[in-house]
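Remarks on the structure that follows.
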2 protein chains.
Amino acid sequence: MDNRYVQQFKKGSLEMILLCLIGRKETYGYEIITELNNSASVLGYAKEGTIYPILYRLQEAELIKCRLAPAAANGGSKKFYSLTHKGQEVLGELIEFWTNYEDCVNGFIATYQQTEVSE
Amino acid sequence: MDNRYVQQFKKGSLEMILLCLIGRKETYGYEIITELNNSASVLGYAKEGTIYPILYRLQEAELIKCRLAPAAANGGSKKFYSLTHKGQEVLGELIEFWTNYEDCVNGFIATYQQTEVSE
DNA sequence: TAATGCTATTTAGGTTCGCTAAATAGCATT
DNA sequence: AATGCTATTTAGCGAACCTAAATAGCATTA
C-alpha cells in the first residue's frame with residue numbers, strides 16, 4: 001500500500017483519534033505518540049511534527065486544555081491534556097459524523113463489489 | 001458539523017469512491033458529480049474543481065483510461081472513463097486498506113466510549 | 001437570432017493537514 | 001563527559017480538496 005494513501009486517509013480522523021485518547025484519560029504528547037505506534041501497522045509511525053501541531057490546534061480551538069507537570073524522575077516536563085466541555089461535545093459530533101461517513105463510503109464499495117460478482 | 005471536518009475526512013477516500021463508481025460502470029465527470037450529490041447529506045456537494053482534477057490524477061497514474069464520446073443530443077461531448085487492470089488492482093488494495101483503517105479508528109472510538117460508560 | 005438553460009469540462013489560486021527533518025532540553029546511568 | 005531515554009518545538013514541504021469563474025455545445029423559445 002502506497003504510503004501516500006495512508007497519509008491522506010488520516011486527515012481529519014487523526015484529530016478525532018487524539019481527542020479519543022485524551023478523552024479516555026489525561027495524557028501528553030509523547031505518550032500519545034507511543035500509544036499511536038501500537039497501531040503503526042495501519043496508521044504508520046506517528047511523528048512529533050505531526051502530533052504536537054495537532055495538540056496546539058486543538059488547544060487553540062478550546063477542545064482540550066493543558067496542565068504543565070514538573071520534570072519527571074527520568075526526562076523532561078510534560079504537558080498533560082484533557083478534554084474541555086466543548087471538546088467532549090465536538091468529539092461526540094465527530095464520532096457521529098464518522099459513523100455516517102463510514103456507512104456512506106461502504107455503500108460505494110458495496111455497489112462496486114456487487115458489480116464484480118455479477119460479471 | 002463544521003464543514004472543515006467533512007473536507008478533511010474525504011481526503012483519500014474520495015479518490016477511492018471515484019474508482020468504485022468508475023469500476024461499477026463506464027462513466028464521466030458530470031455523471032459522477034450528480035451521483036455523488038445523492039450523498040450530499042454526508043459528503044457535501046461535490047464540485048467540478050474537486051472531481052475533474054482527481055480524474056486527471058487517476059488517468060496520469062494509469063488507474064483509469066478515457067474514451068472520448070461525441071457531443072450528445074443535448075450538451076457537450078463527454079469523456080467516458082473505465083478502470084485499467086492496474087486500477088482494479090489498486091482499488092482492491094485500497095478497499096482492503098480502508099477496511100483495516102476503519103477497524104483501527106473504531107477501536108480508538110470504542111476505547112473512548114467505554115471510558116465514558118464506566119464513569 | 002438572441003436569450004436562456006442544461007450538459008459538460010477546464011483551470012487558477014487558496015487553505016489545511018500531515019510529513020520530513022532537525023534542534024533543544026532535562027534527567028539518569030556509565 | 002558521554003550516552004540514552006524522555007519530552008517538546010518548529011521551519012518548510014507536498015498533496016488533497018475547495019472556491020470561483022470561464023468556456024463551450026446543443027435545444028428551446030420568444
Side-chain angles (χ1 to χ4, degrees), chain A residues 2-19 27-37 39-40 42-61 64 66-81 94 101 105, chain B residues 2-19 27-37 40 42-61 66-81 94 101 105:
Chain A
D2 188 334
N3 205 55
R4 186 175 65 84
Y5 292 116
V6 184
Q7 184 180 138
Q8 294 306 322
F9 272 115
K10 279 190 212 172
K11 297 205 170 161
S13 47
L14 190 53
E15 192 172 305
M16 179 174 68
I17 291 171
L18 291 210
L19 288 172
T27 185
Y28 53 98
Y30 194 83
E31 191 176 49
I32 289 172
I33 291 168
T34 53
E35 274 193 78
L36 282 177
N37 286 339
S39 303
V42 178
L43 299 180
Y45 285 99
K47 296 294 173 52
E48 299 90 342
T50 300
I51 302 307
Y52 288 106
I54 296 180
L55 292 173
Y56 303 147
R57 204 195 309 156
L58 293 173
Q59 193 175 10
E60 184 69 21
I64 62 178
C66 178
R67 178 176 72 78
L68 188 63
N74 178 18
S77 57
K78 304 167 187 174
K79 286 183 169 179
F80 279 97
Y81 291 100
L94 275 172
Y101 185 74
V105 172
Chain B
D2 189 335
N3 204 53
R4 187 175 65 85
Y5 293 116
V6 185
Q7 182 178 140
Q8 294 305 322
F9 271 116
K10 279 190 212 173
K11 296 202 173 166
S13 46
L14 191 53
E15 190 172 308
M16 180 174 68
I17 290 172
L18 291 209
L19 288 172
T27 185
Y28 53 98
Y30 193 82
E31 191 176 49
I32 288 172
I33 290 168
T34 54
E35 274 193 76
L36 282 178
N37 286 339
V42 179
L43 299 180
Y45 285 98
K47 296 294 173 52
E48 300 89 340
T50 302
I51 302 306
Y52 288 105
I54 296 180
L55 292 173
Y56 304 147
R57 203 197 307 156
L58 292 173
Q59 192 175 11
E60 184 68 24
C66 179
R67 177 175 71 79
L68 188 63
N74 178 18
S77 57
K78 304 166 185 174
K79 287 182 168 179
F80 279 97
Y81 291 99
L94 275 172
Y101 185 74
V105 173

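Basis for what follows: all heavy atoms, side chains included, without hydrogens, waters or symmetry-related copies. Proteins come first, then strands; the chains are lettered A, B, ... in the order of their sequence lines, and each starts at number 1.
- The residue Gln8(A) sits close only to the backbone: its heavy atoms come under 4.0 Å of sugar-phosphate atoms, none of a base.
- Each end of the helix from dT1(C)-dA30(D) to dT30(C)-dA1(D) gets its own rotation axis from five pairs of C1' atoms, and the angle between them is 10° to the nearest 10 degrees.
- Comparing Glu48(A) and Tyr81(B) along DNA chain C, the residue whose closest nucleotide (by nearest heavy atom) sits nearer the 5' end is Tyr81(B).
- Between Lys78(A) and dA7(D), a side-chain N or O to OP1/OP2 separation shorter than 4.0 Å is present.
- Of the side-chain N and O atoms in Tyr52(A), one or more sit less than 4.0 angstrom from OP1 or OP2 of dT8(D).
- Using a 4.0 Å heavy-atom cutoff across all strands shown, Lys10(A) reaches sugar-phosphate atoms only and no base atom.
- Not one side-chain nitrogen or oxygen of Lys47(B) sits closer than 4.0 Å to the OP1 or OP2 atom of dC18(D).
- The distance from atom CZ of Phe9(B) to atom CZ of Arg4(B), rounded to the nearest 0.5 Å, is 10.5 Å.
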Side-chain donor-acceptor pairs under 3.5 Å in residues 50-57 of chain A, sequence neighbours left out?
{"unit_1": "Tyr52(A)", "atom_1": "OH", "unit_2": "Tyr30(A)", "atom_2": "N", "d": "3.4"}
{"unit_1": "Arg57(A)", "atom_1": "NH1", "unit_2": "Glu15(A)", "atom_2": "OE1", "d": "2.6"}

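- Residue Ile54(A) places its side chain closer to dG18(C) than to any other of dT10(D), dT6(D), dG18(C).
- Of the side-chain N and O atoms in Tyr28(A), none sit less than 4.0 angstrom from OP1 or OP2 of dT8(D).
- Remark: Arg57(A) is in phosphate contact with dG18(C), judged by side-chain N or O atoms under 4.0 Å from OP1 or OP2.
- Phosphate proximity of dC18(D) to Thr50(B): present, with a side-chain N or O under 4.0 Å from OP1 or OP2.
- Distances shown here put every side-chain N or O of Lys11(B) at or beyond 4.0 Å from the OP1 or OP2 atom of dC18(D).
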